[in-house]
Amino acid sequence: MRKKISVDDLEPGMFLLEVGSSWLANPFWRSRFVIRDPKDIAMLRASKVREVWIDTDKGVDVWPATERVPLMPLTSDVAPPRVKPVPVPLADELDRARLICAAGREAVTTMFQEARMGNAVDAASVDDLVESIADSVARNTSALISLARLKTADDYTYMHSVAVCAMMIALARALGQDEETVRSAGVAGLLHDVGEMLVPSAVLNKPGKLTDAEFALVKDHPSKGHAFLLEAHGIDQVALDVCLHHHEKTDGSGYPEGLKGEEISLMARMGAVCDVYDAITSNRPYKAGWDPSESLRRMGQWAQGHFDLHVFQAFARTLGIYPVGSLVRLNTGYLGVVVEQSASSPTLPRVRSFYQVADARRVEPHTVDLSAPGCKERIVSREDPARWRFADLDALWSDGAA
């Protein structure tokens, strides 16, 4: 339930919905998050914000005055208890994931602009963003990852970092890593391409084929990014390693050091998979993104030389055999787009049918859960969106999920 309260009544564990003031007065780059750090409360009280909206369904309510616990001093080393995210359906997470994507784009844009000017990365801001993304992925693995894929060609540089961060978090959990390591994986994903900010924009966004000299500049971005991050305070070794080595390949044909097999750390091998998947599924200045399911199929063909097979298989299981947004053909003769994974079977997702192949006509979209008892509909093939040219494919899955 929405409730307006005074900043003096804020407590750790409350879910901040919005500030009761203008955007310029908001001391945070994000909104809609669980307040866990007493410093955030102190920051709000020191700002011009006098009232805020909280959501008592997502965080703690205002305590009766007789039961309030004094705010922990800023010097305390005791962190407030973490509220563990509860898994929710895709539709319930989409709106929150959209807000996080928007805030993430703003934060990464600012961070990368600072990098261009030679200013160091703010590790605290990075940690805050990664925590928001990690919580969203914990609530629903597909929501933020799928939305981040819908970036425009102009947004690619910034949203690519948000997408890889989310995928690194999901993959680290799939590989059984503890939550501290999961957060490190997210930070590494967010910062892995910071070196691209030190490559001329005209080269990065060139629509045609790069010259040898231009390609050499691009290939130098891991080393440049690594050197840049070394100058920052609070950036851990995982982020440094992934930044430098996410373009290495298991057969030794990658760069910058030509490492092979297990010479490449597990985190860097994870970064390689996440980086390539987002790159090939996204619209770029020089090509349209591939279908998610087709992208996984092609990556599977490359896996033996490019990727760690165990890591790639865990990644594919995390996204699903038919990731959200995949165009598929059903045994009923309809085309549909995958709108959500099934908890019971990776081959039986929820699909939104919208096109009858036999009559070559659009039909009123309807969603079917292939895993539902008694459902006879099945996926018989993946379809190439480039062949069908449906301009509203992304809107179909996001509307269908909702």
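This one's a predicted model, so the numbers in the text were calculated from it and none came from an experiment. Note: hydrogens, waters and symmetry copies are ignored here, and every other heavy atom, side chains too, is used.
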Listed partners of Glu93 passing salt bridge (charged side-chain N to carboxylate O under 4.0 Å, His left out), at least two apart:
Arg96, Arg139
When rounded to the nearest 0.5 angstrom, what distance separates CG in Asp8 from CD1 in Ile41?
11.0 Å
Given Arg173 and Thr141, is the side-chain contact (heavy atoms from CB on, under 4.5 Å) satisfied, shown in steps?
CA-CA 10 Å; Arg173 286 179 177 146; Thr141 303; over 6 Å; no
Evaluate the side-chain proximity of Asp275 to Asp193: yes if any heavy-atom separation is below 4.5 Å, no if none is.
yes
Do the side chains of Ile54 and Phe15 get nearer than 4.5 Å, heavy atoms only?
no
As a quick check of understanding, evaluate ring pair (Phe, Tyr, Trp, His ring centres under 6.0 Å) for Phe315 and Phe307, giving each step before the final call.
CA-CA 11 Å; Phe315 179 77; Phe307 309 121; 8.8 Å; no
Of all the heavy-atom pairs spanning Val187 and Asp127, show the shortest one and how long it is.
CG2-OD1, 3.7 Å
Donor-acceptor contact below 3.5 Å, side chain Gln341 vs main chain Tyr322
yes
Tell me, please, which residues at least two apart from Lys224 pass salt bridge (charged side-chain N to carboxylate O under 4.0 Å, His left out).
Asp220
Can we say Arg105 and Asp155 salt-bridge, meaning some charged N sits less than 4.0 Å from an Asp/Glu carboxylate O?
yes
Are the side chain of Asp95 and the backbone of Arg98 linked by a donor-acceptor contact shorter than 3.5 Å?
no
Approximate separation, where rounding is to 0.5 Å, of Leu240 CG and Leu244 CG:
8.5 Å
Stepwise side-chain contact (heavy atoms from CB on, under 4.5 Å) check, Leu198 with His221
CA-CA 7 Å; Leu198 308 175; His221 81 268; over 6 Å; no
Within a strict 4.5 Å, meaning less than it, do heavy atoms of the Leu175 and His310 side chains meet?
yes
Gly258 backbone acceptor or donor facing Glu248 side chain under 3.5 Å
yes
Note: Pro89 and Asn140 closest approach over all heavy atoms is C-ND2, 3.4 Å
Under 3.5 Å, side chain of Asn283 to main-chain N/O of Gly289, donor-acceptor pair present?
yes
In this structure, are over 12 heavy atoms from other groups packed under 6.0 Å from Glu262 atom CD?
no
Can a salt bridge be assigned to the pair Arg183 and Asp135 using a cut-off of 4.0 Å between side-chain N and carboxylate O?
yes
Considering only heavy atoms from C-beta outward, does the side chain of Trp397 approach that of Pro292 to under 4.5 Å?
no
Using 30° and 60° as the class boundaries, would you call the ring planes of Phe390 and Trp388 parallel, tilted or perpendicular?
parallel
Rounding to 0.5 Å, atoms CD1 (Ile169) and CG (Leu171) come to a distance of 11.0 Å
Quick one: NZ on Lys249 to CD on Gln304, what's the gap to the nearest 0.5 Å?
14.0 Å
Any luck finding a side-chain donor-acceptor pair between Thr281 and Arg149 under 3.5 Å?
no
Mark yes when over 12 heavy atoms from residues, nucleotides or ligands other than Lys260 sit less than 6.0 Å from its NZ; otherwise mark no.
no
Are Val162 and Lys151 side-chain neighbours, meaning at least one heavy-atom pair lies under 4.5 Å?
no
Tell me whether the count of non-hydrogen atoms from other residues, nucleotides or ligands lying under 6.0 Å of CZ in Arg116 goes above 12.
yes
Is any side-chain heavy atom of Leu330 closer than 4.5 Å to a side-chain heavy atom of Ile379?
yes
Main-chain N/O of Ser293 paired with Ser326 side-chain donor or acceptor, under 3.5 Å:
yes
Is there a side-chain contact between Phe354 and Leu393 in this structure, where contact means two heavy atoms from C-beta onward sitting under 4.5 Å apart?
yes
Backbone N or O of Cys243 within a donor-acceptor pair of the His246 side chain at under 3.5 Å?
yes
Heavy-atom pair with the smallest gap, counting every atom of Met14 and Asp9
CE-O, 3.3 Å
Could you go through the side-chain contact (heavy atoms from CB on, under 4.5 Å) check for Tyr355 and Leu327 one step at a time?
CA-CA 11 Å; Tyr355 187 85; Leu327 182 65; over 6 Å; no
Going from CG on Leu147 to CD1 on Ile100, what distance comes out if it is rounded to the nearest 0.5 angstrom?
10.0 Å
In Lys219, Lys209, Lys206, the residue satisfying salt bridge (charged side-chain N to carboxylate O under 4.0 Å, His left out) with Glu214 is Lys206
Do Thr181 and Asp178 have side-chain atoms, one donor and one acceptor, less than 3.5 Å apart?
yes
Step through the shown structure and confirm whether more than 12 heavy atoms of other residues, nucleotides or ligands are within 6.0 Å of CD on Gln356.
yes
Gap between atom CG of Leu144 and atom CE of Met167 - 0.5 Å precision:
10.0 Å
Glu383 and Arg329 ion-paired at < 4.0 Å
yes
Using atom types as modelled and distance alone, determine if a side-chain donor or acceptor of His226 lies under 3.5 Å from a backbone N or O of Pro222.
no
Of all the heavy-atom pairs spanning Val368 and Cys375, show the shortest one and how long it is.
CG2-SG, 3.9 Å
side-chain contact (heavy atoms from CB on, under 4.5 Å) evaluation trace for Val351 with Tyr334
CA-CA 10 Å; Val351 175; Tyr334 286 88; over 6 Å; no
Is Asp291 reaching over with its side chain to a backbone N or O of Glu294, donor-acceptor style, under 3.5 angstrom?
yes
Determine whether a donor-acceptor pair (N or O, by modelled atom type, separation under 3.5 Å) exists between the side chain of Arg350 and the backbone of Thr367.
no
Please report the closest heavy-atom contact between Ile321 and Arg382, naming both atoms and the distance.
CG2-NH2, 4.1 Å
Minimal heavy-atom distance between Ala148 and Cys101, with the atoms involved, is N-SG, 4.2 Å
Is there side-chain contact between Val121 and Phe228, with at least one heavy-atom pair below 4.5 Å?
yes
Tell me if a side-chain donor or acceptor on Asp278 pairs with a main-chain N or O of Val164 at a distance below 3.5 Å.
no
Matching residue for Cys165 among Val108, Leu129, Ile133 - test: side chain to side chain contact (heavy atoms under 4.5 Å, CB included):
Ile133
Measuring centre to centre across the rings, with the benzene-like ring taken for any Trp, is His247 within less than 6.0 Å of His192?
no
